[in-house]
Protein chains: 2
Amino acid sequence: MAANKYRPEQSIAIAVDCIIFGFDSKDLKLLLFRRKTEPLKGSWSLIGELIDNDISLDQSAKDILYRLSGLENVFLKQLKTYGQVDRDPLERVISVAYYSLIRIDEFNLQSLENHDAKWFDFDQIPDLILDHGQMVDDAIKSLRSSVRYNPLGFELLPEYFTIQQLQTLYESIYRTAFDPGNFRKKMLSLDILERTAKKDKTSSKKGAFLYRFKKDSVKQFPTQTGDFERIKEVIKF
Amino acid sequence: MAANKYRPEQSIAIAVDCIIFGFDSKDLKLLLFRRKTEPLKGSWSLIGELIDNDISLDQSAKDILYRLSGLENVFLKQLKTYGQVDRDPLERVISVAYYSLIRIDEFNLQSLENHDAKWFDFDQIPDLILDHGQMVDDAIKSLRSSVRYNPLGFELLPEYFTIQQLQTLYESIYRTAFDPGNFRKKMLSLDILERTAKKDKTSSKKGAFLYRFKKDSVKQFPTQTGDFERIKEVIKF
DNA sequence: ACAAAAGTGTTGCTCGTACACCCATGG
DNA sequence: CCATGGGTGTACGAGCAACACTTTTGT
């Protein structure tokens, strides 16, 4: 490292790590990698790297995703920064964690092999190196609470999808079952879905209408909340 | 900087910045500092510093608060990390922002003078250096959404307080007025307040009971949420 | 025709909101 | 004795949960 003008003696490396969530229209999964370098070579880990001097944090995370999957414009959100002194055994590394949401079917299979990577079901996540396990836990919590407030999750579905598929996604995020009738009514009432003329007949004889996410609907809603809508669930979590 | 083992050419400084919110039983305020060093000397800014090699991020933020105020155990939360390449004009600095909640009356006045610091009302916040203005905006948003889920804000009140004072705090966080009767009922229904025998007579003839926050009440509540309690306000914000 | 998934309707209940009303007391 | 803030009660409505019910169509 070159000397630092403000504080020459500072000697801390900085990395970006990515938690990658994927959905295959059935289960929510996590992408993990076998570490290729010492120390801890061969253990499961998130993907990450020490950043370049002239690339922003956000861009570094995007670049990791792009090189890995070939995908651009994926959903990517900064999660938290991990700064314990001894989190890496070799030297001090501060890591900024990001998480992303990806459709598994869009992901290049060859790329998985090249990177020695594998999709894991949530109940089968192995031990991860360093504090990567903590990062994953934090990311799942953050994802769950994000979905409460943002019409998120559409990144994980194909452009056209049935209400049923959307429900399956939400169920796998929350690990719980919703009532089909109520789920449908709630989602439709939000006025963020657009029904198309097409039907999907793969899972029923009657066929289910395919919907599409209304892009323009985001942000145009007035945040018309009453008093306690704001401080409602003060005690939860 | 000494050379970095994993990636010797990396040359990025790392800092912690603190957004300090204070409450004087009437208004929510922000503590700002006149920058003492070039570049941008004399402009208003948050307080922060390049961290030590052997101090964690969380501890660095705590230390800043402690040296400034003499207070320990203040509420402190990591907000976000700012990593644009050119955010600092002199060299690349990545900054991890924290925000904290403090009672203004506990704050050492002499310390304010020593640091050339001043409490600002929210509607009178001046332009800040670098991306500190963005940090403050992000912190306010985060504070508002945190208060929704955590019995937070008690850090900002004296040990004994009236429901009225609690309401004033929430009103200044949300910049809105709540119905006194409903606010009272809601807060009491949460079972996190303990009524004491004492009364505060400074603002009425009848006198208002002083309450105290039940410390043991946190976390013991079952997160018993129904289906849509989870995905309820999908569209807000 | 019937099984099975798609989709609709109905009812009870909880809880936020609005607002009327009682209580205590110092001047 | 009345003005003022503290504190309680009630009625209405919105929205979630549970579940019964109708629709469609391939076999």
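Chain letters run A, B, ... following the sequence lines, proteins first, then strands; residues in each count from 1.
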> Can you check whether A:Q164 has a side-chain N or O nearer than 4.0 Å to OP1 or OP2 of C:dA5?
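So the side chain of A:Q164 is outside the cut-off, no N or O lying under 4.0 Å from OP1 or OP2 of C:dA5.
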
> Would A:K198 and A:Y160 count as a cation-pi pair here, with the cationic atom under 6.0 angstrom from the ring centre and within 45° of the axis?
yes

> Can you find a side chain N or O atom of A:K185 that sits less than 4.0 Å from OP1 or OP2 on C:dT8?
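Looking at the OP1 and OP2 atoms of C:dT8, neither is under 4.0 Å from any side-chain N or O of A:K185.
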
> Would you tell me whether A:Y211 and A:T196 have side-chain atoms, one donor and one acceptor, within less than 3.5 Å of each other?
no

> D:dG7 C1' sits how many Å from B:I163 CD1, rounded?
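Rounded to whole Å, this separation is 10 Å.
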
> Let me know the distance between NZ of A:K199 and C1' of D:dT24, rounded to the nearest Å.
7 Å

> From CZ of A:R184 over to P of D:dT23, roughly how many Å is that when rounded to an integer?
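Atom-to-atom, A:R184 to D:dT23, this comes out as 16 Å.
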
> With each end axis built from five pairs of C1' atoms, what bend angle do you get for the helix from C:dA1-D:dT27 to C:dG27-D:dC1? Round to 10°.
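Axis-to-axis angle, ends of the helix: 20°.
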
> Check this for me: B:K199, atom NZ, are more than 12 non-hydrogen atoms of other residues, nucleotides or ligands nearer than 6.0 Å?
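Result for NZ/B:K199: enclosed.
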
> If I take atom NZ in residue A:K186 and atom P in nucleotide C:dT8, what distance separates them, rounded to the nearest angstrom?
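In whole Å, C:dT8 P lies 17 Å from A:K186 NZ.
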
> What is the separation between atom CG on B:L193 and atom P on D:dG7, rounded to the nearest whole Å?
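B:L193 atom CG is separated from D:dG7 atom P by 12 Å.
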
> Please give, in whole Å, the distance from C:dA6 P to A:K198 NZ?
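My rounded result for the distance is 19 Å.
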
> Separation of A:N182 atom CG from C:dT11 atom C1', in whole Å?
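From A:N182 CG to C:dT11 C1': 12 Å.
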
> Hey, are B:R212 and B:E194 close enough for a salt bridge, meaning a charged N less than 4.0 Å from a carboxylate O?
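Salt bridge flag = yes for B:E194 with B:R212.
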
> Among residues 201-212 of chain B, which residues get a heavy atom nearer than 4.0 Å to DNA chain D?
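Heavy-atom cutoff 4.0 Å gives B:S203, B:S204, B:K206, B:G207, B:A208, B:F209.
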
> Would you verify whether the NZ or CZ of B:K118 falls within 45 degrees of the ring axis of B:F120 while also being under 6.0 Å from that six-membered ring's centre?
yes

> For B:Y98 and B:D58, test the side chains for any donor-to-acceptor distance below 3.5 angstrom and give the result as yes or no.
yes

> So, B:Y66 versus B:N73: side-chain donor-acceptor pair below 3.5 Å or not?
no

> A:F21 vs A:F122 aromatic rings, parallel, tilted or perpendicular, using cut-offs 30° and 60°?
tilted

> May I ask you to check whether B:S95 and B:D17 show a side-chain donor-acceptor distance below 3.5 Å?
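B:S95 vs B:D17: donor-acceptor pair found between side chains.
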
> In whole angstroms, how far is the P atom of C:dA6 from the CG atom of A:D179?
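That distance rounds to 13 Å.
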
